[in-house]
Amino acid sequence: MPPKDSKITHAELVKKLDLQSRKSFIGDKFFKGLVIGASVYTLCMVALVFFALADGSVPIFMKEGINFVIGTDWNAVEGRESFGALPYIIGTLVSSTIAMAIAVPISIGIAIFITEMMKNKLGTILSFIVELLAAVPSIIYGLWGLFVFRFWIRDYIEEPLHNTLGDFSLFAQAPFGLDVFTAGIILAIMIIPIITAVSREVIKAIPHSQKEAAYALGATRWEMIKTAILPSSKTGLMGATFLGLGRAIGETMLVTLVIGNAIGLAAIPTSLFSQSQTLSSIIANEFNEASNDLHLSALIGLGLVLFVITIFINVAAIYIISKVSKSYSNLRE
Amino acid sequence: MNKLINYRILGISLLAVSLLVPVYVNSVHAQKVSINGAGATFPFPLIDTWRTEYQKVNPDVNLNYASIGSGGGIKQFTEKTVDFGASDAPLSETEFQKAGSAVHIPETLGSVVLAYNIPEVTTPLKLTGPVIADIFLGKITKWDDPKIKELNPDVTLPSENIVTVHRSDGSGTTYVFTDYLSKVSPEWNQTVGKGKSVQWPVGIGAPGNEGVAASIQGTPNTIGYVELAYALTTQMNFAAVQNQEGNFITPSVNSTMAAVSAETSTLPSGSESWSNVTITDPPGPDSYPISSFSYLLLYKDLSTNPTIDEQKAKAITEFVEWAVTDGQQFAESLGYVPLPQSVVDVNEATLKSLTFNGNPILTN
């Protein structure tokens, strides 16, 4: 059927279209400018943060040099200033590793359970509850850890471990309840909702055809999860994991309340039940009362170290994800 | 169209009102003065009480106090963004030089007590300075160590490991405690020293008085240090500490006042450097050995801070004078130790020496 306004001439049509395209051209340009502006803003913020941190930590690197990164001494006493970040780097990595070791399997388990095994109302309620947990402020977890949970960990997990496996150096120290182990567990509790929420969306996005294909080949539910879900959601699950890791590494007040806040050489954990300190917790602890310039600069320097570690982890995450997704696409071809 | 005009009228009248309101407010409260202070968290409840009580004395003065920590207070005071600073430790020599002409005005007193949790022990423990230092150095590790037993012959002490708890955040309390340990233990002085945050060789770090108290109360065989006021309100067990004259003194308002009175004669005048002022380990038979001042900081010539005009300078000085005299009556009920008369006299002399553009502020 010919269009109703077939009387319109060719020239008129061209003119109309041109006008429209010019109009949309302006709109396009405006929108492009807007989104470029938004991304430039992000870049500017990161650059400014980096610049502020680098600028503030100049005095400490002038004094300590590389020793600031590999040194273990942390002395803010006037006249004896000496600052080394190594114990806090280790404390940060150890506490987040414990948190990840606990949180990742549990989160992915919850996500699979919600999406594949409980597609009914219960699953909806469960995912709602998980999202609710993600909204709990970390200070609440921290205070609960300090006043309630640490006693459970000490009496029901740490004491039995210490009494039975105390010969291993990992469990050798007499447990107190405020240590890297407790910090790791509570961090895990904090990041489980985040990893779960993202993982759930990732698994949900897998096309039904894949799962049905697996079932059609006679796969059991576990085999279907193993062959259809996990491989194709690997990239996304990895992303969810690194999102959780990012939160665990940067978490401050929660960690400060439960990690035991050792300082200097004593902050390098020698066992699971050692007191330690993370980069962000020592900044939170000491920044308020640091009136000495070098001390302030050292704390800003810790911020720089944390910034670099975070960038390093993100770059590593991108690299791993790209590698994993490549190997997966190779597998498919 | 009518609607549009209506909106215009509304807009114009709103504009007019918004322009007029400040004028009106200004004319009513022309004499109101706002005094802004920032600093230590320790005196905050007391200063906050002064804020409301001083309203009754002088309704035209508004006091704002931000308890951001002594370090922040000193910083803002030096950068002249607040009218007065407050600090638990005196300005160090470098801070004093940086600030220019600052005066210290002790506004209240605090004591640090050794709180412990040993379920078996009901009578108060007795400790000496060197023993406390050895415990926090990790040299005395068991509660039934001969050195502790010797001081407490009548107490059955458990053969359990001592867990020490200290403040993890930088704090004036830590400064006072380590200042005391540095005086009584040469080894502490050499290896750790004194400061708002020091490198603790052993023990658990917990943030704030609350954090330390929670760590001690929840776990047997622990010992830590907290503010006297905090220990009194939370009813923790705390130790009697031996003073210079060999007496074991239980921390209290009276034993803290005794300690301060014994040290008054050594105080410098308000405008000198106070960096070496400590009242830990004082003489006197009844003095509790671990106490300290908390200070308000002002400029000797208040015009040093360009945001202070003559009227404000007068208001600040009058408020501080009230705080160190009449304001002291609120101290004890809040768990603070009121200033003894001898210290009030030092403060009065300091306040009389304050000037604005070279002219004395207090005329009477």
Are there residues of residues 185-196 of chain B that reach to under 4.5 Å of chain A by heavy atoms, and which ones? B/N189, B/Q190, B/T191, B/V192, B/G193, B/K194, B/K196
For the interface with chain A, which of B/I74, B/V198, B/T219, B/N161 has the highest count of heavy-atom pairs at distances below 4.5 Å? B/T219
Which of the residues A/M253, A/E286, A/H295 is involved in the greatest number of heavy-atom pairs with chain B at under 4.5 angstrom? A/E286
Flag if over 12 foreign heavy atoms under 6.0 Å of NZ, B/K98: no
Looking at B/S70, B/G69, B/G203, B/G72, which one has more heavy-atom pairs under 4.5 Å with chain A than the rest? B/S70
Working to the nearest 0.5 Å, report the span between CG of A/L296 and NZ of B/K75. 6.0 Å
Is it the case that more than 12 heavy atoms not belonging to A/F287 sit under 6.0 Å from its CZ atom? no
Residues in residues 166-182 of chain B near chain A [non-hydrogen atoms, under 4.5 Å]: B/H166, B/S168, B/D169, B/G170, B/S171
For residues A/R150 and B/S215, is any side-chain donor paired with an opposing acceptor at under 3.5 Å? no
Cut-off 4.5 Å, heavy atoms of chain A, and the answer for B/A214 is both
Side chain from CB out, backbone as N, CA, C, O: work out which of these in A/D179 comes under 4.5 Å of a heavy atom of chain B, or both, or neither. neither
Using non-hydrogen atoms and a 4.5 Å limit, figure out which bit of A/L178 sits close to chain B: side chain, backbone, both or neither. both
To the nearest 0.5 Å, what is the distance between CG (A/N292) and OG1 (B/T94)? 7.0 Å
Has A/D167 got more than 12 heavy atoms of other residues, nucleotides or ligands less than 6.0 Å from its CG? no
Can you tell if the side chain of A/N285 reaches within under 4.5 Å of the side chain of B/S197, non-hydrogen atoms only? no
Greater than 12 external heavy atoms within 6.0 Å of A/F151's CZ: yes
Is it the side chain or the backbone of A/L265 that comes within 4.5 Å of chain B heavy atoms, both, or neither? backbone
Could you report the tightest heavy-atom contact between A/F176 and B/T222, atom names first, then the distance? CE1-CG2, 3.6 Å
Can you tell me how far apart CZ (A/F83) and CD (B/Q199) are? Round to the nearest 0.5 Å. 9.5 Å
Nearest-0.5 Å distance, CD1 of residue B/I204 to CG of residue A/N261: 9.5 Å
